Amino acid sequence: MQREEKKEVRVFAPATVANVACGYDVLGFAIDAPGDEVVVRHSEEPGLRITQITGDDGKLPLEAEKNTAGVAALDLLKHLGMLDRGIEMEIHKKMPFGSGLGSSAASAVAGAYAVNCLIGEPLTKKQLLPFAMTGEASADGAWHADNVGPCLLGGIVFIRDNQELDIANLPVPKDLWAAVVHPDIEILTKVARGILPTEVPLENVTQQIGNLGGLICGLIQEDYGLISRSVHDVIAEPRRQKLIPEFYKAKRAALGAGALGFSISGAGPSVFALCEGEESAKKVGASVSAVFTKVDLTNQLYVSRVNKTGVTVIG
Ligand code: HSE
């Protein structure tokens, strides 16, 4: 339903954990923090202009057609036949690049959602998915909705087909918490995808499908034991772990502290643990953080429930 246009809109788009171990490119969830902010307002001058970017160390282009948030917004405006609308955009990056936290997806989602809200919400959140996807793909060159989907819609999102963008929200067990730790190194998604095998033994495919099905059943049935037995990745993690210092020490620490499961968040270097309850997540997060700190690797810990809201207007 079309609403009234707004003068100015500020939105927050949350970080996301993609893959969730066994769901390479097909499963992801949103967390409460960190996240990116985008502000948009009307302007007399026709076209979309990015007027300010903060928190990017000067790395991001101000040209809208080269910027992840700008590309997503332009794709939406093009679809609506509104490319001549005068709109100013500010982007406030509040999470690191190449972090495995869905940084480019957050910017893309924020760009498309902010503009959609400004012009009176002609499209639903779900309808914004392809435009946000185009924005993210302009940054990492790949087409997977496991960051964009949960960032936009919130919750735990399963993608049946990335081309058709056939996606569904899964139920979130009420005591499910995540501890996400970002060690301060950068891994380009392109590099982390490049080291994956092009062929996978059938035995591994069978295991991965079993675990993915088990995780989905565990979420539906609130069966933490089944969730725990299912959070394993036999395809990407064995290859990607070498990009993350102390990965197996961190994994042992997390499981030893009571995590249900532990793996790489998206393409890394962030890692995540699923936990039952906040106290457990805090304890697990602290033990993982300590492993990185011990080798002088600065890191940030985020303890969060699954964020069920996704991108949201904050002003
Ligand atoms: N599913 C993607 C990958 C997420 O693992 O490459 C990247 O953010």
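Counting starts at 1 for both ligands and their atoms, following the listed order. For clarity, every value in this text was computed on a predicted model and none was experimentally measured.
Atom numbering of ligand 1 starts at 1 in the shown order; those under 4.0 Å from a heavy atom of Asn147 are 4 (C), 7 (C), 8 (O). Counting the atoms of ligand 1 from 1 in the order shown, those under 4.0 Å from a heavy atom of Asp25 are 1 (N), 2 (C), 3 (C). Every atom of ligand 1 is numbered from 1 in the order shown, and the set under 4.0 Å from a heavy atom of Arg240 is 3 (C), 5 (O), 6 (O). Set against the non-hydrogen atoms of Arg193, the atoms of ligand 1 under 4.0 Å away are 1 (N), 2 (C), 3 (C), 6 (O). Near Tyr24, the atoms of ligand 1 lying under 4.0 angstrom from a non-hydrogen atom of the residue are 3 (C), 5 (O), 6 (O).
Residue contacts with ligand 1 for Glu136 are absent, since no atom lies close enough (heavy atoms, distance under 4.0 Å).
Nearest non-hydrogen protein atom to atom 7 (C) of ligand 1 is His144 CE1, 3.6 Å.
Using a cutoff of 4.0 Å between basic side-chain nitrogens and carboxylate oxygens, Arg41 and Glu90 are scored as salt-bridged.
There is no side-chain donor-acceptor pair under 3.5 Å between Thr51 and Glu88.
Here the two rings, on Phe262 and Phe247, have centers that are under 6.0 Å apart.
Within the structure, every pair that satisfies the side chain to side chain donor-acceptor pair (under 3.5 Å) test and touches residues 200-226, not counting sequence neighbours, is listed here: Gln208-Asp233.
Every residue two or more places apart in sequence or in another chain was checked for a ring pair (Phe, Tyr, Trp, His ring centres under 6.0 Å) with Phe292, and none qualifies.
Distance alone, capped at 3.5 Å, is enough to place a donor-acceptor pair between the Lys93 side chain and the Ser103 backbone. For Ser265 (side chain) and Leu101 (main-chain N/O), no donor-acceptor pair under 3.5 Å exists by modelled atom type.
At least one N/O-N/O distance between Asn19 and ligand 1 falls below 3.5 Å. In terms of polar-atom proximity, defined here as any N/O pair under 3.5 Å, Asp140 makes no such contact with ligand 1.
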